Amino acid sequence: MIQLEKMMIEGGRPLKGEVKISGSKNATLPILAATLLTDEPCVVDNVPQLRDTKTMLRLIESLGKKVVVEGNRVRISQHGPLKTVADYKMVSTMRGSFCVLGPLLAKMKKAKVSLPGGCVIGVRPVDLHLKGLKAMGTKIDVEGGYVIARAKQLKGDLIYLGGTFGSSVLATANLMMAAVLAQGTTVIECAACEPEVEDLANFLIKMGAQIQGQGSPRLVIKGVKRLHGAEFRISPDRIETGTYILMAVATGSTITIRDVNESQLLVLIDKLQEHGVRFSKKGDALTVQCQKRRFPVSVTTYPYPGFPTDLQAQFMAVMALTPGVSVIEDKVFPDRFMHIAELNRMGAQIRRETNAAVIQGVKQLYGAPVMASDLRASAALVIAGLAAQGKTEIQRIYHLERGYEHLDEKLKGLGAKVWREKG
Ligand code: UD1
C-alpha cells in the first residue's frame, strides 16, 4: 500500500559537498529478469534499494526464485521449476516487469505475461517485443490483457527492431534474453545502444552467453544450450548522475559527484558547457561548477547516445530559470510534458507547441504546492523546488521512490533543507 507523503523543500540555498551515485535502476531490472535463464545461483551487487527493484525482486520470487537481500547485494537461487505466469498486479505497476517475457519463454518454452498498459508519459506499445519473438518462431496470443507466448524451439533470425520512435530498450533486452538460449544465430539490427542494455549483455556473457556488438546497434547472438550462474556489479545510474548535476546547475552550486561514468553523459555535459557550466574529473569523481553567466540551450531527445528522454524534465527545470528562450523536443516520448503545468505553477513560463516545449526563462521560481506525475517529472519538481524562493510542497512522491535511492539523505548531505510531511 502506498503511503501518502509529501516532500517539503525550503529552496533558494546553494548545495555543497559530495554525493555518491547508486547502481542503475534500468540496468538492474532486466538483469534481475535474466537470472530466470539459469537454475544456478547468481549474485547481483550495487542493486539500488528502490520501489521498482523491490517490485522486480517480488516478481521473480513469485516465479519461483529465492531472493536474499543484503544491503545492495542480492543473492538469487532456485529450487524446483519456474512458474510461467507474470501477474497483472506486478506488471501493471512497472513496465520494466515486461522483460521477464523473453527469459521465461527461452527457459520454459512458454510464458503468460500481463500487458503493461499505458502510462502518463504516453502510449507505450509492445509491438516490437512481439515482432521479434514471432520472428524467432514464437506463437503469440493476446487474451484478457495477457501476452501468451509459446515456442517449441526458439530459432535465431535476422530481426530489424527499429520502430516509429527508433530503437527500444526493453524490446532489445527481451529479445537478447530470448536469443541467448535459441537455436542458431540471432542478429538484431537497430538494437538499443543504451549503457543499461550493454550492462545486461555483459551479465549474460558472464552467464556463458555468446553475444557480440553490445553497446552498438547490431547485436549478434549465438544461442547456447544452457547458462550458468554469475556474479555481477551494476554500473552507476547515469540518470541519477544527470539529475544531481542539474540540481547543482539550477541552484548555481559547486558539488562533487562520486561513482560517475561521465562517458555515458557526454551529451548532457556538452549542452551544459554551452550553458556555462564547468566540469572537472578526478578518478571516479566529477565536480560541477556553475558560472554566473548562463545561456539558454535547446535540446531534442533521441535514443542513446542522444539526449536522454529521462533527463528531459530535469533539464527543462534548469532552462525555466535561464533568461532567454529555449526549446525542448522529445522524439522518444512525444507526449512527455506533464511537468510543464506544475513548473508553471512555480512561476515558470513554458508553453507546449505540438511536440515541443518553448521556455521563456525567468529570473526566479517561487515555492508552491505541486503534484508529481511520474518519476522524472517529480525529479524536475525537486530541482525547481531547490532553486525556488520559499517552500515547495511536492505531493505523490512515491514516484520519486521508484528511481532515486535515499534521495532525502543525499539531498540533506548536500546541505538542502528537505523534510517529509503526511500528504
Ligand atoms: C526504457 C526505460 C525508460 C526510458 C526509455 C527510453 C527501463 C525500465 N525503462 O523504457 O526509463 O524512458 O527506455 O529511453 O529501462 N516503442 C514502440 N514499440 C515497442 C516498444 C517501444 O513503439 O514495442 C516506442 C515507445 O513508445 C517509445 C520508444 O519506442 O516511443 C522508446 O521506448 P522504449 O525504449 O521501448 O522504452 P522502454 O524500454 O519501455
Side-chain angles (χ1 to χ4, degrees), residues 23-34 48 50-53 55-56 59 90-102 113 115-135 140 142 147 159-177 188 190-200 217 234-235 237-240 242-243 264-265 267-268 300-315 329-338 355 374-380 399 402-404:
S24 160
K25 166 180 89 75
N26 286 354
T28 301
L29 299 177
I31 283 174
L32 293 177
L50 300 168
R51 192 180 285 273
D52 278 10
T53 51
T55 303
M56 184 54 102
L59 176 58
M90 302 261 186
V91 183
S92 63
T93 58
M94 183 184 78
R95 189 179 165 80
S97 332
F98 195 66
C99 67
V100 297
L101 177 61
V113 178
L115 280 165
C119 71
V120 292
I121 70 173
V123 184
R124 295 180 76 176
V126 292
D127 56 312
L128 295 171
H129 302 240
L130 304 190
K131 171 184 157 179
L133 293 176
K134 277 183 192 162
I140 292 194
V142 179
V147 172
I159 301 163
Y160 179 77
L161 207 57
T164 318
F165 302 102
S167 55
S168 162
V169 172
L170 288 176
T172 306
N174 249 333
L175 276 204
M176 195 161 45
M177 290 189 277
I188 306 176
C190 201
C193 305
E194 270 70 1
E196 295 77 21
V197 179
E198 198 177 338
D199 245 26
L200 169 65
I234 303 283
S235 300
D237 194 310
R238 69 190 164 104
I239 304 301
E240 189 195 15
T243 303
Q264 297 176 350
L265 277 166
V267 63
L268 177 70
T300 301
T301 73
Y302 288 106
Y304 190 84
F307 193 93
T309 175
D310 283 353
L311 285 174
Q312 179 258 102
Q314 301 91 311
F315 195 82
E329 197 175 348
D330 201 316
K331 293 271 193 199
V332 180
F333 292 112
D335 286 322
R336 192 176 200 175
F337 286 122
M338 298 289 284
N355 289 344
D374 68 77
L375 170 57
R376 307 304 172 185
S378 318
H399 289 294
R402 291 189 42 212
Y404 292 95

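No hydrogens, no waters, no symmetry mates; every other heavy atom, side chains included, goes into these values. In each ligand, atom 1 is the first atom listed, and ligand 1 is the first ligand listed. A quick note: this is a predicted structure, and the numbers were derived from the prediction, not measured.
At least one N/O-N/O distance between Val332 and ligand 1 falls below 3.5 Å. Backbone and side-chain nitrogen or oxygen atoms of Asn26 are examined, and one is located within less than 3.5 angstrom of a nitrogen or oxygen of ligand 1. In terms of polar-atom proximity, defined here as any N/O pair under 3.5 Å, Asp127 does make such a contact with ligand 1. Residue Gly166 places no N or O, backbone or side chain, under 3.5 Å from any N or O of ligand 1. By the 3.5 Å distance cut-off applied to N or O atoms, Ser168 is counted among the residues near ligand 1. Considering backbone and side-chain N/O of Ala171, none are found under 3.5 Å from N/O of ligand 1.
For atom 22 (O) of ligand 1, the nearest non-hydrogen atom from the set Gly96, Pro125, Pro116 belongs to Pro125. The residue from His129, Glu194, Arg95 that puts a heavy atom closest to atom 39 (O) of ligand 1 is Arg95.
The pair Asp127-Lys134 does not meet the salt-bridge criterion, since no charged nitrogen lies less than 4.0 angstrom from a carboxylate oxygen. Remark: Glu196 does not engage Lys25 in a salt bridge, criterion side-chain N to carboxylate O under 4.0 Å.
Other residues, nucleotides and ligands place more than 12 heavy atoms under 6.0 Å from the NZ atom of Lys131.
Looking at every heavy atom in both residues, Ile239 comes nearest to Pro308 through CD1-CB, 4.0 Å.
Atoms of ligand 1 lying under 4.0 Å from at least one heavy atom of Val169, given by number and element, are 1 (C), 13 (O), 15 (O), 33 (P), 34 (O), 35 (O), 38 (O).
Paired with Asp330 under the rule side chain to side chain donor-acceptor pair (under 3.5 Å), one option of Asn355, Thr300, Thr301 passes, and it is Thr301.
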